[in-house]
Amino acid sequence: MVLLRISTKKSGGADSHGVAAQKRDIELFLSSQHGAEVIAELTEVESGAAESRPVLEEALHLCRINKATLLVQKVDRLSRDLEQLARIVKDKTVPIRVATLPNADNFQIHLFGALAAQEREFISIRTRAALAAARERGVRLGNPNLAEINRGRSRTASAFARNGSAPPSGVTQEVL
């Protein structure tokens, strides 16, 4: 069972270069394994820090019912949340393999998971610093169309409150 993950749709989603690189590393790993068979490949577009990861849960479920191993390119593709990673690694019904760490045991996966969690913090710090520097340079951040988007959402919500029904056909509701 192969799990691929990319953090955001903005980075290209499931068709991104990041997913292609993950596939390449996984194919290299699989070519060195005798008799390896991929029963499914799932691609998730979600932050590795997200608490709700339906695609990850589906991959774990498929591994359990098929008595399969979960294969990821790197530990941070599995999770950047150390607590979540520990739960996954602790689950004896789902063996974990990491393509870029072919001989890693659970202890080493935990260590790389700790590094991934720390990198998540570093990414957050760098992003906040870059946004602050941009604001200082006078860059206007955010969606310039946000006011209009919010007016549309407000109209949809008001119509729903008045009618007690779903928005008219063709109207898209966005969830933040």
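By convention here, the first residue in the shown sequence is residue 1. Just so you know, these numbers use all the heavy atoms, side chains as well, and skip hydrogens, waters and symmetry mates.
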Would you sort out whether R120 and D81 count as a side chain to side chain contact (heavy atoms under 4.5 Å, CB included), showing the intermediate values?
CA-CA 9 Å; R120 183 181 90 193; D81 180 296; 3.9 Å; yes
If you apply the rule side chain to side chain donor-acceptor pair (under 3.5 Å), what do you find for R162 with S158, and how did you get there?
CA-CA 6 Å; R162 278 191 309 276; S158 295; 4.7 Å; no
Dump the intermediate steps for side chain to side chain contact (heavy atoms under 4.5 Å, CB included) on E41 and L4, then the final yes or no.
CA-CA 7 Å; E41 179 181 288; L4 308 166; 3.6 Å; yes
What verdict does the side chain to side chain contact (heavy atoms under 4.5 Å, CB included) test give for D105 and Q108, after you've listed the backbone C-alpha separation in whole Å, the side-chain angles of each residue and the deciding distance to 0.1 Å?
CA-CA 5 Å; D105 59 18; Q108 291 165 321; 3.3 Å; yes
With rounding to the nearest 0.5 Å, note down the distance linking CZ in R53 to CD in E44.
4.0 Å
Could you tell me which non-hydrogen atom of D76 sits nearest to which non-hydrogen atom of A116, and how far apart they are?
CB-CB, 3.6 Å
Residues R155 and E148 bridged, charged N to O under 4.0 Å:
yes
So does F29 have more than 12 non-hydrogen atoms from other groups sitting under 6.0 Å from CZ?
yes
Taking a hydrophobic cluster as the set of Ile, Leu, Val, Met, Phe, Trp and Tyr residues connected by side-chain heavy atoms closer than 4.5 Å, whether directly or through intermediates, do I123 and I125 fall within one such cluster?
no
With the side chain counted from C-beta on, respond yes when L3 and V55 share a heavy-atom pair under 4.5 Å apart, and no when they do not.
yes
Test side-chain contact (heavy atoms from CB on, under 4.5 Å), reference L71, set L78, L30, I96, output is L30
CG/L111 to CG/N106 distance, rounded to the nearest 0.5 angstrom?
11.0 Å
For residues V94 and L85: do they belong to one hydrophobic cluster (side chain heavy atoms under 4.5 Å, members Ile, Leu, Val, Met, Phe, Trp, Tyr)?
yes
Under a 3.5 Å cutoff, is there a donor and acceptor pairing between the side chains of R128 and S124?
yes
What distance do L115 atom CG and L82 atom CG have between them, rounded to the nearest 0.5 Å?
10.0 Å
To the nearest 0.5 angstrom, please state how far the NE2 atom of H17 sits from the CD1 atom of I6.
10.5 Å
P102 and A99: which non-hydrogen atoms are nearest, and at how many Å?
CD-O, 3.7 Å
Separation of T100 OG1 from I26 CD1 (nearest 0.5 Å)
9.0 Å
Do F107 and V89 share a hydrophobic cluster (ILVMFWY, side-chain heavy atoms under 4.5 Å, transitive)?
no
Rounded to the nearest 0.5 angstrom, the CE-NE2 distance for M1 and H61 is 11.5 Å
Carboxylate-amine/guanidinium proximity below 4.0 Å for E121 and R80
no
Charged N-O contact under 4.0 Å between R87 and E83:
yes
What are the two closest non-hydrogen atoms of N66 and L62, and how far apart are they?
ND2-O, 2.8 Å
Any side-chain heavy-atom pair of L56 and Q84 under 4.5 Å:
yes
Flag yes if more than 12 heavy atoms outside R140 fall under 6.0 Å of its CZ atom; otherwise flag no.
no
Would you mind reporting whether I109 and L101 have side-chain heavy atoms less than 4.5 Å apart?
no
I39 reachable from L70 in the ILVMFWY side-chain graph, under 4.5 Å edges:
yes
Given R5 and S7, is the side chain to side chain donor-acceptor pair (under 3.5 Å) satisfied, shown in steps?
CA-CA 7 Å; R5 183 182 65 77; S7 297; 3.2 Å; yes
Would you say that L60 contacts D91 through its side chain, given a criterion of any heavy-atom pair below 4.5 Å between the two side chains?
no
